Amino acid sequence: MPAPASSSASGSVMRNLLRNGPFLTLLLVAIVWIGASFFSRGFGTYGHLRYILELASIIGIVAAGQTLVVIGGGIDLSVGAVITVTAITLPMLSPAWDPTGIFGIVAVLALASLIGLINGIGAAFLKVPPIIMTLAMATLLQGFLVIVAGGSAVSVENAAVIWLGSARPGGIPADILLWVAVMVGVLLLLHRTATGARFFAIGANSIAARLSGVNVERTTLLLFTLSGFFAGLAGLLVLGMNRQGYVGIGDPYLLTSIAAVVLGGTSILGGAGTYAGTIPGSVLLVTITALITVVNASPGWRNIMFGGLILILLLLSGREKQR
Amino acid sequence: MSTLSSREPLFWAVQRQRNRGVIGLFVVVIAFLALYAYLFPGLFTLGGFSKFTQNWFPLALVAMAQTLLMMMGGISLAIGPLVSLGAVIAATVMGTAFGVTGAIVAVLLAGLVVGGITGAIVSYLRLPAIIVTLAGSFIIGGIALIILPRPGGVIPAGFSDFLAGHTPAAFGLLVVIVILWKLYLATPLGLGIYAAGDNPIGAFRSGVAVNRVRIATYALSGLLTTLAGLFVAAQTGSGDPVIGTPFTLNSIAAAVLGGVSFLGGRGTMRGALAGSLLLSVMINVMFFLGFPPVAQYIAQGLIIVGAVAIPQFTGRWRRS
């Protein structure tokens, strides 16, 4: 039914805002933060919020690639393994002749992008469904990692990575600044370029996109390469914060990246969504984890609370359209 | 009259159609089985056959559970934790006054209830299955950890010997389950699985109770999964809250090897069973050939991609 012309403009703005996934998620984050600061002393302090944002920047950067892939109608289950690969191989790829560590970073990011590219080749040319291709890639990488690392932890000497994990230019942690740069880049790519429009097109209907002249294969390759790149970037941050890498270090980021994307209102079916929702989604996830840690329950209850809260939050932003 | 006389040929025509996609897989499975029998001639003794089928049994069950959902256009990422839940319930209840019978009832009921709730959330709250079961995997894993925080519990030796001893009881149980599946497929709820997976809106308009089909399928899938957990508990003689973890990926891998599509409406249970058998034999063969566990990961990854990519290529050659 069309709205009567007399209905106030402010009413429709309100309604649009309430239907806007990113805004709802942002509102949720604010409510949770304000609520939590009443119950838990120190939760709302500047230091704690900064720490939460630092943790969220890792999830946010992994989820940037995941958002792009999901919008393009796929899913990337190999991001956790790529983070681990980055963390394990960085010390090996950082030669002694380069004290800045830039070479190591470039080499590792190239490796992560290459893994993403192979995922893309599987999805685009071998026509393997992305969920299987990336799952198989994760299994494969796990095998290679055990060969390369042999189960022992590696510590990082790379100066640039350590700087990334600890520096605070202008009082703001470097990883948050990096996340802001990623935000700007991804949002511009998605919503202001033809390439971004192609991502949405192949996610909504890849046959229609092909018939309209979109090079579906090339776009798919780009999507998965970007996802590998962002996972590698997040791996550098993880390494910078932890100062050591071990097999399995990236595993927790797989589920959280997907959850952040869906909490942000991006449709898991592809073709609709925005990174603007994933950003508060990432912050929300880290906040929930922090809250659950504060409650000080047994590991079992912590898992139940985490899953239950995600499920409840999904009701607000992750529901499919009525049929 | 004509409908009656054409009924029998139609049945076989349908079966032929269904077998067409999986014949290549059957050939590969038989080849691997032959290789395994050559490496390990003990397969043909009663004990060897029993042990072999016991290794396959839980994987076959979770592959069936995953296939049920995938044929309906769903998926579950909570298979592993649900296997663990079945195992810990079995190991805790068997030591109490309820005994073995009570434990079996509790395990099966837990599967039905957890599956039913998942199905209800997916169909009535319209949340994507992949993310519901992702969140569900945390909740179910958490419940398993609360019931049994560390490996332990009691499984009576008699029960272990019956299911996982030197008798092919597991294989017999699998045959019974497959026959029951055939019967279920003949009911409206069973037929609805394919209809709801292929085109839910079309199925709904043709009078299929899509929501009821979904909930029943998720419940059934949960039942098969916790049953696998019960068996794993009997096999290991105790309950372990994280023992099921590898089953999530393996169930998907087996179903995909068996030619079941993620898009729903396509795939056969015989394919999924053959896929799980192939995976199980492959792991056994690599173990006997002395492959390190690492090589098994890599081989598994390559085989899964190959299993999906090769039919695509042969299909393209046939068309061109």
Side-chain angles (χ1 to χ4, degrees), chain A residues 75 77-78 81 118-119 122 125-148 150-151 254-256 258-259 261-263 267-269 297-315 317-323, chain B residues 75 77-78 81 121-122 125-149 200-201 204 210 241 248-249 252-253 255-257 261-263 292-313 315-316:
Chain A
I75 194 161
L77 299 183
S78 69
I118 297 173
N119 276 333
F125 294 108
L126 301 182
K127 308 274 178 215
V128 181
I131 187 168
I132 301 169
M133 185 62 214
T134 53
L135 196 63
M137 177 59 85
T139 316
L140 233 140
L141 289 178
Q142 208 174 347
F144 280 122
L145 276 171
V146 176
I147 296 177
V148 171
L254 168 60
L255 300 192
T256 38
I258 298 172
V261 170
V262 178
L263 282 179
S267 163
I268 198 88
L269 307 171
S298 75
W301 279 111
R302 231 180 282 164
N303 280 346
I304 295 178
M305 283 190 277
F306 186 69
L309 280 172
I310 288 182
L311 213 53
I312 292 167
L313 293 172
L314 278 174
L315 284 175
S317 53
R319 293 178 76 175
E320 286 168 41
K321 299 239 157 30
Q322 178 102 48
R323 278 194 288 266
Chain B
I75 190 165
L77 299 181
I121 293 174
V122 169
L125 301 181
R126 300 195 312 276
L127 286 171
I130 187 166
I131 199 84
V132 170
T133 53
L134 200 62
S137 71
F138 283 97
I139 301 178
I140 298 166
I143 296 174
L145 270 176
I146 289 175
I147 295 179
L148 204 64
I201 298 169
F204 180 75
V210 172
T248 304
L249 297 194
I252 297 176
V256 167
L257 279 175
S261 154
F262 275 98
L263 305 174
V294 171
Q296 292 180 21
Y297 278 125
I298 297 173
Q300 206 171 317
L302 290 177
I303 287 170
I304 292 169
V305 171
V308 185
I310 291 168
Q312 288 282 349
F313 272 106
R316 226 180 286 170

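All figures in this text were calculated on a predicted structure; none of them were measured in a lab. We name chains A, B, ... by the order of the sequence lines, and we start the count at 1 in each one.
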Distance in Å, B:Leu249 CG paired with A:Leu77 CG, rounded so as to fall on 0.5 Å steps: 8.5 Å
Which portion of B:Ile298 sits near chain A, non-hydrogen atoms under 4.5 angstrom: both
Residue among A:Ile131, A:Leu309, A:Ile304, A:Thr139 with most heavy-atom pairs under 4.5 Å to chain B: A:Ile304
Per-residue contact mode, B:Leu302 against chain A (heavy atom under 4.5 angstrom): both
Region of A:Leu135 that comes under 4.5 Å of a non-hydrogen atom in chain B: side chain
Interchain contact, B:Ile121 with chain A, by part (heavy-atom threshold 4.5 Å): side chain
Over all atoms of both residues, closest heavy-atom pair of A:Asn303 and B:Gly142: CB-CA, 3.8 Å
Between CG on residue A:Leu311 and CG on residue B:Leu127, distance to nearest 0.5 Å: 6.5 Å
Top of B:Pro241, B:Ala135, B:Gly136, B:Ser261 for chain A proximity - count of heavy-atom pairs under 4.5 angstrom: B:Ala135
Region of B:Ile143 that comes under 4.5 Å of a non-hydrogen atom in chain A: both
Heavy-atom pairs under 4.5 Å with chain A, option from B:Ile252, B:Val256, B:Ile139 with the top count: B:Ile139
Segment of B:Ile147 engaging chain A (4.5 angstrom heavy-atom cut-off): neither
Proximity breakdown for B:Val305 and chain A, heavy-atom pairs closer than 4.5 Å: both
Region of A:Ile75 that comes under 4.5 Å of a non-hydrogen atom in chain B: side chain
Heavy-atom pairs under 4.5 Å with chain B, option from A:Leu255, A:Ile310, A:Ile147, A:Ile258 with the top count: A:Leu255
